[in-house]
*Asks:* 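Dumping the structure here so I can ask a few things about it.
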Amino acid sequence: MHTETEDIEAIERVVATVERTQRTKDVEGFLGLFHPDALWTTAHGKVLIGFDEIAEFTRAVLPNASWDGEVTYETVHTQFLGPDVAAVKVRQVYHAAAGDTEGAPLYVMTRQPDGTWLLHACQNTEVRVD
């Protein structure tokens, strides 16, 4: 039996792995975080349904991604929707010399039978400062 504290720590490790894999452009490490039936919507509204579409997009985009700073991901809120489902609000910041830009991802994560948490339905939203 998992405690809520243990689950939150496990979820935060997934978010930390998202950060690490994005920083290092580790495509396979990033893809290893997804449920086979995952749904991903990028910050620019591209909808990717299923692992194969997510993998194709990630393999094409992540290795060539360029930014002149570093990216950080911070778990700001975790809400359990059931014993094996969590909605996780994340603060994503690209730190650059020209100024920071921010994203506000929402990750719906599911606990697998082996106890690991995977990204299942995710939506990233660009934060605009007007």
Side-chain angles (χ1 to χ4, degrees):
M1 187 73 186
H2 298 271
T3 68
E4 185 172 300
T5 300
E6 290 170 329
D7 286 332
I8 289 172
E9 289 171 354
I11 287 166
E12 288 176 346
R13 284 192 298 274
V14 172
V15 174
T17 303
V18 170
E19 176 182 285
R20 180 188 55 76
T21 58
Q22 292 293 303
R23 283 181 171 198
T24 61
K25 301 180 184 182
D26 176 2
V27 171
E28 299 310 314
F30 179 68
L31 292 174
L33 300 172
F34 285 90
H35 187 277
D37 296 325
L39 167 68
W40 182 270
T41 304
T42 71
H44 301 290
K46 183 167 183 63
V47 177
L48 305 166
I49 299 173
F51 181 83
D52 290 343
E53 283 189 20
I54 294 167
E56 181 181 355
F57 177 82
T58 301
R59 289 180 179 130
V61 173
L62 186 57
N64 301 314
S66 63
W67 50 83
D68 61 353
E70 65 180 17
V71 62
T72 58
Y73 289 73
E74 174 191 3
T75 303
V76 293
H77 181 74
T78 299
Q79 182 170 332
F80 290 94
L81 307 176
D84 298 320
V85 180
V88 183
K89 196 64 188 161
V90 175
R91 182 171 184 249
Q92 169 195 51
V93 180
Y94 287 95
H95 303 277
D100 293 350
T101 57
E102 189 171 332
L106 174 64
Y107 300 156
V108 176
M109 298 176 66
T110 54
R111 183 193 354 245
Q112 305 311 295
D114 67 0
T116 60
W117 286 88
L118 294 178
L119 301 171
H120 207 128
C122 305
Q123 166 83 44
N124 196 357
T125 303
E126 180 182 359
V127 176
R128 294 188 177 194
V129 180
D130 295 325

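Numbers for residues simply follow the sequence, beginning at 1.
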*Asks:* Could you measure the distance from the NZ atom of Lys25 to the OG1 atom of Thr58? Nearest 0.5 Å is fine.
*Replies:* 13.5 Å
*Asks:* Go through the structure and list residues passing side-chain contact (heavy atoms from CB on, under 4.5 Å) with Ala104, not counting sequence neighbours.
*Replies:*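 Result, side-chain contact (heavy atoms from CB on, under 4.5 Å) vs Ala104: Lys89, Val127.
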*Asks:* Just verifying a value: how many Å separate Phe57 CZ and Leu31 CG, rounded to the nearest 0.5 Å?
*Replies:* 11.5 Å
*Asks:* Do Glu126 and Thr101 pass the side-chain contact (heavy atoms from CB on, under 4.5 Å) test, and can you show the C-alpha distance, the side-chain angles, and the key distance before you say yes or no?
*Replies:* CA-CA 8 Å; Glu126 180 182 359; Thr101 57; over 6 Å; no
*Asks:* Are Val61 and Leu39 co-members of a hydrophobic cluster defined by side-chain heavy atoms under 4.5 Å apart?
*Replies:*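 Looking at the clustering, Val61 is in a separate group from Leu39.
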*Asks:* Can you tell me how far CD of Gln22 sits from OG1 of Thr72, rounded to the nearest 0.5 angstrom?
*Replies:*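 Going from the OG1 atom of Thr72 to the CD atom of Gln22 covers 12.0 Å.
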*Asks:* With a 4.5 Å limit on heavy-atom distance, are the side chains of Glu102 and Asp100 in contact?
*Replies:* no
*Asks:* Side chains of Ile54 and Leu119, heavy atoms from C-beta outward: is any pair under 4.5 Å?
*Replies:* no
*Asks:* My understanding is that only residues two or more places apart in sequence, or in another chain, count here; which of them pass side-chain contact (heavy atoms from CB on, under 4.5 Å) with Val108?
*Replies:* Val85, Ala121
*Asks:* Using every non-hydrogen atom in the two residues, find where Glu19 and Tyr73 come nearest and quote the distance to one decimal.
*Replies:*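 For Glu19 versus Tyr73, the nearest heavy atoms are OE1-N, 2.7 Å.
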*Asks:* What about Val15 and Leu62, same hydrophobic cluster or not, with Ile/Leu/Val/Met/Phe/Trp/Tyr joined at side-chain heavy-atom distances under 4.5 Å?
*Replies:*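 In one cluster with Val15: Leu62, yes.
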*Asks:* According to side-chain hydrogen bond (donor to acceptor under 3.5 Å, both in side chains), does anything in residues 34-44 pair up with another residue at least two apart or in another chain? List the pairs.
*Replies:*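 Every candidate side-chain hydrogen bond (donor to acceptor under 3.5 Å, both in side chains) pair involving residues 34-44 fails, so no pair, neighbours aside, qualifies.
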*Asks:* Using the test side-chain contact (heavy atoms from CB on, under 4.5 Å), find all partners of Thr21 that sit at least two apart in sequence or belong to another chain.
*Replies:* Thr17, Asp26, Phe30
*Asks:* Which residue pairs satisfy the salt bridge (charged side-chain N to carboxylate O under 4.0 Å, His left out) criterion with at least one member in residues 71-86, sequence neighbours excluded?
*Replies:* Asp84-Arg111
*Asks:* Donor-acceptor pair, distance only, cut-off 3.5 Å: does the side chain of Glu6 make one with the backbone of Thr3?
*Replies:*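 Indeed, once roles are kept as given, a pair shorter than 3.5 Å links the two residues.
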*Asks:* Can you pull the salt bridge (charged side-chain N to carboxylate O under 4.0 Å, His left out) pairs that have at least one residue in residues 114-124, sequence neighbours excluded?
*Replies:* none
*Asks:* Decide side chain to side chain donor-acceptor pair (under 3.5 Å) for Gln112 and Thr110; before the verdict, give the C-alpha distance in whole Å, the side-chain angles of both, and the deciding distance to 0.1 Å.
*Replies:* CA-CA 6 Å; Gln112 305 311 295; Thr110 54; 2.9 Å; yes
*Asks:* Rounded to the nearest 0.5 Å, what separation is found between the CZ atom of Phe34 and the CG atom of Leu48?
*Replies:*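 If I round to the nearest 0.5 Å, the distance is 8.5 Å.
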*Asks:* Same cluster or not: are Leu33 and Leu106 linked, directly or through other Ile, Leu, Val, Met, Phe, Trp or Tyr residues, by side-chain heavy atoms under 4.5 angstrom apart?
*Replies:*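 Unlinked, Leu33 and Leu106 end up in two clusters.
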*Asks:* Less than 4.5 Å apart, side chain to side chain, heavy atoms only: is that true for Phe80 and Ile11?
*Replies:* yes
*Asks:* Of all the heavy-atom pairs spanning Glu53 and Val47, show the shortest one and how long it is.
*Replies:*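 Scanning both residues completely, I find the closest heavy atoms to be OE1-O, 3.9 Å.
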*Asks:* Say you draw a straight line from CG of Leu118 to OH of Tyr107; how long is it, rounded to the nearest 0.5 Å?
*Replies:*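 The OH atom of Tyr107 is 13.5 Å from CG of Leu118, to the nearest 0.5 Å.
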*Asks:* Please report the closest heavy-atom contact between Pro63 and Ala60, naming both atoms and the distance.
*Replies:* CD-C, 4.3 Å
*Asks:* If you take all heavy atoms of Glu12 and Thr75, which pair is closest and at what distance?
*Replies:*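 Of all heavy-atom pairs spanning Glu12 and Thr75, the closest is CG-OG1, 3.8 Å.
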*Asks:* What's the spacing between Arg13 CZ and Thr116 OG1 if we round to 0.5 Å?
*Replies:*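 Nearest 0.5 Å value for the CZ-OG1 distance: 11.0 Å.
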*Asks:* If every non-hydrogen atom of Val88 is compared with every non-hydrogen atom of Met109, which pair is closest and at what distance?
*Replies:*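 Minimum heavy-atom separation between Val88 and Met109: CG2-SD, 3.8 Å.
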*Asks:* If you take all heavy atoms of Thr78 and Ala86, which pair is closest and at what distance?
*Replies:*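 That closest heavy-atom pairing would be CG2-CB, 4.2 Å.
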